[in-house]
Structures are given as structure tokens and as C-alpha cells.
Amino acid sequence: MKDVITRFAPSPTGYLHIGGVRTALISWAYAKKHNGQFILRIEDTDKERSTPQAIEAIKDGIQWLELINDGPIYFQTQRIARYSDVIKKMLEDGHAYYCYSSKEELDQTREDNMKLGKKPKYDGKWRPENNKTLPDIPEDIKPVIRFKNPIQGSVTWVDLVKGKITINNEELDDFIIARSDGSPTYNFCVVIDDWDMKITHVIRGDDHINNTPRQINLLAALEAPIPHYAHLSMILGEDGQKLSKRHGAVSVMTYKDHGYLPEALKNYLARLGWSHGDDEIFDMSELCEWFDFKNVTSSSAQFSKEKLDWINNYYIKNKDTDELSALIKKILLKNKFDNLDDKKITDAINLFKERANNLNELAQNLAFFFKPPKASKELIKKYFNQNTLELLSLFFKDLEGHGLSEATIDEYIKSFVKLNEIKFPSIAMPLRIIIVGTDQSPSVGSIISILSIDESLRRYNEFLKQYD
RNA sequence: GACCCCAUCGUCUAGAGGCCUAGGACACCUGGUUUUCAUCCAGGCAACAGGGGUUCGACUCCCCUUGGGGUCACCA
């Protein structure tokens, strides 16, 4: 196979969401698999809706996920001269023509066709044909330029995920390639760019299937090579509906903010609509090695936060401790925690990382190490009585001098339980309430050993003051 | 409305005509480990949308129905 070149071509009109990210991920992976190139192209020909913020959002997302593009980032607005040249040439060659129909006129035709149960399309009023007399050119209308689409025959391509697709040229109309202000439109720019950038595989959402025959016809008129097409099915929201602002179509960066690891999100997204046997957990080098369009599902997939959480938890548990510590420290700092101790953070993370679905949760779980907790009245009521206080007093009196390792503290607790003929929870639970602030935590010994005996004592004394 | 796409457990999926008594994962349930919780381990529940063909044989191929989705802009 010749060098594979893929592209991700978002329009900067909103945030980069999950669906776009999956398209980018697969385009990236396919290029990497074949030692090819992955191009990032910003389709900003719509001046009304494109914003600099959206461009930044795309860059941020791509960077966070490390789907690094090869070469420069292309902007369509910087290629206007090239588009004009091609349009001029097409006009000369008879592949394109001026159309003076007004918007009102077009709307009317569309409406009429709809009523007749026909496809609403341009009526070809200004399309030049042999032996056809064109209407007089109205003076008050600035024309658009249309592509002269073939009238007969059909367009067929073998889609890499959907299989063979055929669409009759009858279904297509002469679409506009340049607006009345002279600016080129999407369908036209895409074609020229894919051609100029030598894109071999156009990978995009299946909402573009209907644009594909138009683009193929245009390519053919230009005598340009036709790339392979792969139309990925959409990702549906958790409710099975199309991703929309109301249904989870949030920026990828909010996944970062919510404490998801980029490697987890990528793993999840890659697995959505694609599979490699029973493999659920795989890294990006495995994805690149394994990826094949024949394993891409052609039906749409519903997003599942639960499964993402499970994968995120897996990646958190298995992440390098230093890297994880750095991320957690950042979150703690952001939440205004001071007197952070690196060693303490690392030890605490190792103790808590298996129980967190995301980084924020993990940071939250660690909070009590750096700020004394405040247990709820209900919990105190549940675990404390006069007897408890006496036990605690005995326990703390003797706590010092038993060494600070998890093992020695555990041993002390065990012997304490035995000596006083009580059940383990009778002392462990109150200790949790005082030190952690909840009744659910890893072993008390491990926590005291990380927190220090002094601090544990301090919390005990503080608790006594409040208890009365 | 027209055209296009899609259809296996609740969800993500395996399945290239006999390997299917339909496999795995998430979720859920039960038990074990943890004298808490989480993790982990063992087990369980749960699906081929419906109807016609083709074939000795269909989850797999064809057709229809139904259901879902997409597109029909001087948006991308």
C-alpha cells in the first residue's frame, strides 16, 4: 500500500466532543499503523460560526489526548487563493456555472418539491446545456457558482465500514461551490484539500455519507484520485439519543476536569464500535497494531459512563505512582490544600487508588490526611457510647511506643482487642470516625502509620472537646 | 416526504453457513477474601426484532415488515 495519509477535519464552531475525538483517534491510529501521516485541518470557511476559542479547544483536546498531528495545522481560510484558482478553472472547463436564482426562489422550489413528495433539490434553471437558452441575467443578484453534477448514472464506493454504497445521481443536485460573496463552501474545500494533501483515507462520521457522492463526482471532474472512505457510526448518548448539548455532548476537556485519564478515555473510545477479540484493556501501541476496519461495527454505539469509570479505575490503579502523585497533588493544590507532603501523598495514593473511579474522587479521599475531618452526627451516634470513650482513652494512652509501621500498629490493635475482650469493629470503627471522618476506609493501622501517631492523637483530643 | 445507513444479553461487543446448549466485558445478583468499605477471586441472571425464502443445515446469505438513526442550506 502507498503511504497512508489520514486527516481529522473539524470545524471550529463549538467544543470538541466525544464523537469527534473517536474519529480523530481512529484516523490517528490507522495512520500510525501504516507508518503514515495524520493531518489536522481546521475547516473554518464559515466565518460566521468559527471562533478562535473553538480552535484552541480543538488543539487542547488533541494535545491532552496526545493524538499529535504530523506536519502543520492547516486552515482552510489560508487556502482561499488555491480554491479560487480551481473554481476559475472549473468555470472555464464547463464543470461549474453561475446561478442567479435568489434565495427566495430556491426556498420556494424546495417547498414545492417537498409537497410533491420529491427530493427538494435545485431545479437546474441556470445550468447550461446544449441547445438550451438561459434566462436573462438579473442585474440585482450576485450569483453563486454551482458544480455541474452528472445527471445520469450513479456513484458507487466501497465504504471501509459500511460496505458498498450506491447513490443515483438523480438524488444529487448541482451544489453550490462558491457563495455569492465568492467564498468557497465546505463540500468544495474538502475535496480540494483532500486532493492537495494526498489524503488516502477519509475517515469521518457517517453523517457525511450523503456528501460523499458529491465529493466523488467533483473529484472525478477534476480528474483527481478518489480516496478510500470510512464512515464511522455515531456515538449515542446514554439515553440512546443523538449526542446533543442536553445529552452529554460536552467538551472532551470536561472529562479531564472530571478526573479521567486520557489513556482511559482513549481505550474506552477505541473499544466503542471496534473490537479485537475479547480484549478490553489495551494501550495505544496495541490499538495501532490491531486496528482494522473489518472489526469496526457499522451500527451506532451508546456511550456508557459506567464502563468508562471501570476503565478509568483500572488505569488509575495501574498508573505509575509518581505520575499519579503529581496529578493528585495538582488537584489538591487547586482545592487550596496546603502543608502537602509528597511522601504522605504517595503513600496515601497507594492505599486509596483502587477505590477511585476518577482522579477527583481519589484526591477527595485523601483530603483527610491534610485537613482534620468532621464526622456527621449520625455516624457518631451510631458508633459511640460511654464504653467507646473509655476504650479510646485506653487505646490512645498506650498507642505511642508501638512503632509507626502499619504492621506494628495493626498488631497493637489486635492485642488491644484481645486484652479488652472486645470485637475488632468496636475499636476500629470509632477510630475511623475520629481519624478519617467516615466508617469506610482501608485498614486503620495503615492510615495511622501514614498520618502519624501525633496527628492521630491530636484528632482524638480535638474530638473529645467537641463530643461533650 | 425522498434518499441513505443500521438491527445479538439493560449497555459495549464476539460470531465470515455446521465449532452456538450463542462467547467475553460493564452493570446487576450470590458466595469467598477483607473482622468495615473498596480491590480481588468464584459463580449466576440475561440476547440472535418479526415474517418469508435459499440450503441437508442459518445468528450468519437474499427479500419484506417493523423499529431506530442520518441527510436533504449561499452550515460544516
Side-chain angles (χ1 to χ4, degrees), chain A residues 9-14 43-46 48-50 76 99 101-103 106-107 110 113-122 142-146 159 161-163 165-168 170-173 175-187 189-190 204-213 231 233-234 236 238 240-242 268 271-281 294-295 297-311 313-314 317 351-357 365 383 413-414 417 423-426 428-429 432 436 438-444:
Chain A
S11 64
T13 53
E43 312 221 316
D44 53 352
T45 49
D46 183 350
E48 305 288 312
R49 299 199 303 150
S50 298
Q76 291 188 321
C99 164
S101 293
S102 67
K103 276 184 194 172
L106 294 171
D107 288 343
R110 225 185 330 267
N113 278 330
M114 278 286 231
K115 276 185 192 148
L116 289 167
K118 288 202 290 191
K119 190 131 186 146
K121 58 176 204 176
Y122 175 61
K142 287 175 84 181
V144 298
I145 300 171
R146 289 181 184 270
D159 197 271
V161 348
K162 306 276 188 190
I165 299 178
T166 298
I167 291 172
N168 279 322
E170 276 174 29
E171 302 296 328
L172 276 23
D173 63 1
F175 63 94
I176 293 170
I177 59 177
R179 302 181 183 95
S180 46
D181 68 359
S183 64
T185 61
Y186 164 76
N187 268 121
C189 298
V190 166
R204 57 186 12 167
D206 71 358
D207 48 334
H208 284 288
I209 286 182
N210 295 279
N211 288 142
T212 306
H231 288 97
S233 296
M234 344 205 42
L236 271 23
E238 300 226 68
Q241 296 298 300
K242 189 188 176 183
Y268 173 73
R271 184 64 185 70
L272 200 59
W274 172 81
S275 63
H276 180 263
D278 289 340
D279 295 307
E280 297 287 346
I281 301 287
K294 75 169 196 269
N295 300 316
T297 336
S298 45
S299 56
S300 45
Q302 215 167 296
F303 183 85
S304 162
K305 182 179 176 293
E306 281 175 345
K307 190 149 183 184
L308 207 213
D309 281 347
W310 173 75
I311 291 185
N313 169 260
Y314 176 89
K317 276 187 300 205
L351 205 53
F352 276 87
K353 63 183 178 185
E354 345 196 279
R355 59 187 71 216
N357 280 336
N365 282 157
Y383 291 106
I413 300 175
K414 273 182 196 153
V417 165
K423 290 213 185 286
F424 193 92
S426 316
M429 284 312 193
R432 281 200 171 90
V436 185
T438 75
D439 56 353
Q440 295 171 7
S441 81
S443 88
V444 184

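Lettering of chains follows the sequences in order, A, B, ..., and the numbering in each one begins at 1.
- Close to B/A73, at under 4.0 Å from its OP1 or OP2, lies a side-chain N or O of A/Arg110.
- Across all strands shown, B/U39 forms no Watson-Crick or G-U wobble pair with both key distances under 3.5 Å.
- Rounded to whole angstrom, the span from the OH atom of A/Tyr186 across to the C1' atom of B/C72 amounts to 15 Å.
- In this structure, B/C26 and B/G10 make a Watson-Crick or G-U wobble pair, each of the two defining distances being under 3.5 angstrom.
- For A/Met114 and B/A2, the CE to P distance is 11 Å, given to the nearest whole Å.
- A salt bridge links A/Lys305 to A/Asp309: at least one charged side-chain nitrogen sits closer than 4.0 Å to a carboxylate oxygen.
- Under the Watson-Crick or G-U wobble criterion, with both distances below 3.5 Å, B/C3 is paired with B/G70.
- The residue A/Asp46 sits close only to the backbone: its heavy atoms come under 4.0 Å of sugar-phosphate atoms, none of a base.
- Rounded to whole Å, the distance from NE2 on A/His208 to C1' on B/A76 is 7 Å.
- In this structure, NZ on A/Lys242 lies 6.5 Å from CG on A/Asp207, to the nearest 0.5 angstrom.
- Shown here for A/Asp159 and A/Lys162, the closest heavy-atom pair between the two residues is OD1-N, 3.0 Å.
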task = Would you mind building the protein contact string for nucleotides 14-21 of chain B? One character per nucleotide, 5' to 3', B for base within reach (heavy atoms under 4.0 Å), S for sugar-phosphate only, - for untouched.
result = S-B-----
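- Taking the P atoms as reference points, B/U8 lies 12 Å from B/U60, given to the whole Å.
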